[in-house]
Amino acid sequence: MNQYSKEAFINLLEDKLTRQRRKYLEDATDKDLYYVISSIVKDELIPKWLDTQERYQQNETKQVFYLSMEFLIGRLLETNLLNCGLLDTCKEALLELGRNPEEVFKNEHDAGLGNGGLGRLAACFLDSIASLSYAGHGSGIRYRYGLFEQRIIHGNQIELPDYWLKEEYPWETRKADEAVEVQFGGKVHLHKKQDGKFEASYEQTDKVMAVPYDVPVSGYQNNVVNTLRLWSAEISPETSDFLSGPNSQYYHHLDHTHSVEQISGFLYPDDSSFEGKELRLKQQYFLVSSTIQGIIKKFKTDYNLPLSSMAEKIVIQINDTHPSLAVPELMRLLMDEEEFEWDEAWEVTTNVIAYTNHTTLSEALEKWPVSMIQNLLPRIYMIIDEINERFCQGIWFDHEELREKIPELAIIADDQVHMARLAIVGSFSVNGVARIHTEILKKKEMKDFYTLFPSRFNNKTNGITHRRWLLQVNPCLSRAITDVIGPQWIKQPNKLISLLRYSNDKPFLEKIDRVKQKNKQALANLIHEKTGFTVDEESIFDVQIKRLHEYKRQLLNIFHVIYLYNELKDNPSLDLTPRTFIFAAKAAPSYHLAKEVIKLIHHVASIVNHDKSINDKLKVIFLENYNVSLAEKIIPAADISEQISTASKEASGTGNMKMMMNGAITLGTLDGANIEIKDLVGEDNIFIFGLNAEEVLNYYQNGNYVAKDIYHTDDRVKRILDQLNHGEFGAEEIEFKDIFYNILYHNDPYFVLKDFDPYIESHELVERAYRDKQTWQKMSVTNIAYSGKFSSDRTIREYASEIWKLN
Ligand code: 26V
């Protein structure tokens, strides 16, 4: 595939080292090598990048733009090497030079421009789009600070700024010549022109320059390089004139510069809870306006078509409601800049924009105060108002049966703009991210919209890129797979299904087991290095890694650990398969209860891990600063994948897919994509427990769940809660009272107590299954075999053929 021998690669490396870093090989640090190898890879990518763009232009290819406030891309060097076919050569070259490739790759700072699932999904999608040779690009914000770095001090989460751009980021190219201007505030006037049409003029707006930085998105060994365009907010040249003015103006200028640069200053660290912060709204409009201006400009130069035909060539997929101002912004640009009539503009807009919903949690639904949008984006507000007016009138006249529901359907209601409603009304496709999630949208959360627009709703079950999450992070497993079924699975992940033929093949099972053992050893070393704790490599590695949220129920997990600990204390000779419980999770900085749970996990860990009387049968590990790179280390070593959300709450989950693909067995509820995993692997190859979605929703509706009853009848539960309440796991007595009160006096909103008993039972089944090595290995292989369905290649093919209509 590539032109370099190991020797040639080493020569190139030496040459670049001297020219770019003024260093000889002997003196080069790992960082020097990182930068130099990145530059070699960039040289490989750039001609392909240019060719790809030219091809799209020449062929007037239909293109999709994936608009997202988050792209959690992690490190890129290894991926790009793999995609160029240079990974093996590079690794061999480094080894020959006595260098450890991992140590070199580690010098890349994770690009943590996302919170969790939604941002990582965007990154996996870009990978699949390019690898399947589709014309699709990402558009996001170049936050100067990514998601905070987490430190834990005495069990407390501390947030440190993530200044990921401190050193040069080698993958980006600044494209100053493609900057556009974004306007905020000011006044709008509508004038009637001679032909009777209205014209909008803007006065005294604050102008901000949006400067794009392009990052290449390479496809897997197919010569395709698409673009992730990240926009940065800068002071507009018009305003810069102040610089030469008198002193007061100078300071005013500095102040203004500061507030402009704030727009791309940092990523908001909340996920799943909406706060109406003005700066966040600015960020959203900044992303949307710059992206769509860029698209229109490019459309005019590259396509020999009128803008009225935009929908034939352009799709804008919006990742949740965060970029839903795309609807009024596209309307605005078409009407105010391109002289479209309302109906014409509406026709284009609603055929270009498609919306993906990622949550039904009511607290996460975006609703902006009317006054905030009016002040910050007066023209946009006028347009939203008009969309709303027409939409409500349409219901009034054409859907009498829904007249009463207008207040629940209106885009503007109770002095707020409801962004999900705007997104549904303004787009041609609305999709959920797993089968059950889409069903809940259609039957419950968005029921009336589904009645209005049945053909818009569709499901696209999430996926993950198997290139990163198997091939790259687990090379030994990948080799073992290729050894038996050949390499076709890399291009066609569905081929992993052939592994079923080896699910009784003892030598293969043993090989898979050795690989897992090796990965567990590596993780054990990392755990030791990071926490000082020694864990038993033979123990069950039971893993829960995801954002910390009540609905994800890390609390249920730690309650089980406390239960096991209590059992061992009562009976130290209890025959228990040793377990290592591994957690990693960031909590939103203002999410008090989530932070309490982190603290509880740490306090339990410090008691359990130091208690000699339990003979190392239990260990509790919390790895701090969960991010993509840490996930890459943990996932290949997982035996059990904890996916224990309250049923109906987790839209899909994607960590479940990553761990399944690496041979872990899911222990989970019937929620999100767990259900689809279960349907594939069958009940014997997964551990399912607890309430299902219907039961949960019925409890909520009927209000007939009483947590206190369980506290009073289940001694195990009472003991744990009393231990919390009496400060047995706290430094002082008051610690963990909030958790206690939340469960007993707020009636356990996420059914931790209700699912406690079935969860314990399920863990007992896990333990029993693990004792029978061969059965376990067979389960593991079965999971890997069926995981091909969860490659994001499958997901992207579905988007491309059913929504985007790409070739
Ligand atoms: C929500 C909000 C609320 C407003 C403030 C800022 C903010 C930032 C991010 C979010 C994201 C919430 C939605 C989300 O992340 N959903 C997750 O999407 C994954 C990919 O589809 C899916 O696997 C998870 O189940 C779902 O929770």
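Both counts, for ligands and for their atoms, begin at 1 and track the order of listing.
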Mark up the atoms of ligand 1 that fall under 4.0 Å of a heavy atom belonging to [X], in ascending order.
| X | answer |
| --- | --- |
| Val433 | 21 (O) |
| Ser273 | 3 (C), 4 (C), 5 (C) |
| Glu70 | 8 (C), 9 (C) |
| Tyr551 | 27 (O) |
| Asp270 | 6 (C), 7 (C), 8 (C), 9 (C) |
| Ala651 | 25 (O) |
| Gly653 | 22 (C), 23 (O), 24 (C), 25 (O) |

Query raised in the report: Centre of Phe148's six-membered ring, under 6.0 Å away, within 45 degrees of the axis: is that where NZ or CZ of Lys586 sits?
Result: yes
**Report entry** Cation-pi check, Arg142 onto Tyr213 ring (under 6.0 Å, within 45° of axis)
**Finding:** yes
Requested in this report: Mind listing the closest non-hydrogen atom pair of Asn226 and Ala130 along with its distance?
Outcome: ND2-CA, 3.5 Å
Got a second to check how far [X]'s [atom1] is from [Y]'s [atom2], nearest 0.5 Å?
| X | Y | atom1 | atom2 | result |
| --- | --- | --- | --- | --- |
| Glu624 | Gln157 | CD | CD | 10.0 Å |
| Ser792 | Arg467 | OG | CZ | 6.5 Å |
| Ile635 | Met657 | CD1 | CE | 12.5 Å |
| Asn474 | Lys658 | CG | NZ | 14.5 Å |

Report task. Report the relative orientation of the aromatic rings in Tyr759 and Phe689; use parallel for angles under 30°, tilted for 30 to 60°, perpendicular for over 60°. Result -> tilted
Query raised in the report: With a 4.0 Å cut-off on heavy atoms, does Arg280 reach ligand 1?
Result: yes
Report task. Without swapping roles, check the side chain of Asn431 against the backbone of Asn458 for a donor-acceptor pair under 3.5 Å. Result -> no
Report summary line: With heavy atoms and a 4.0 Å threshold, my read on which part of His322 contacts ligand 1 is side chain
Requested in this report: May I ask you to identify, for Thr356, whether its side chain, its backbone, both or neither come under 4.0 Å of ligand 1 on a heavy-atom basis?
Outcome: neither
Report task. Go through the steps for Phe581 and Phe583 under the test ring pair (Phe, Tyr, Trp, His ring centres under 6.0 Å), then give the verdict. Result -> CA-CA 7 Å; Phe581 293 93; Phe583 295 87; 7.3 Å; no
Query raised in the report: Between His358 and ligand 1, is there a nitrogen or oxygen pair with a distance under 3.5 Å?
Result: yes
Query raised in the report: Is the shortest N/O to N/O distance between Ser652 and ligand 1 below 3.5 Å?
Result: yes
Query raised in the report: Evaluating non-hydrogen atoms only, which member of Asn115, Thr461, Leu118 is closest to atom 14 (C) of ligand 1?
Result: Leu118
Query raised in the report: Where is the nearest protein heavy atom to atom 25 (O) of ligand 1: which residue, which atom, and how far?
Result: Glu650 OE1, 2.6 Å
Requested in this report: Considering heavy atoms of the protein only, find what lies nearest to atom 1 (C) of ligand 1 and give residue, atom and distance to 0.1 Å.
Outcome: Ser272 N, 3.4 Å
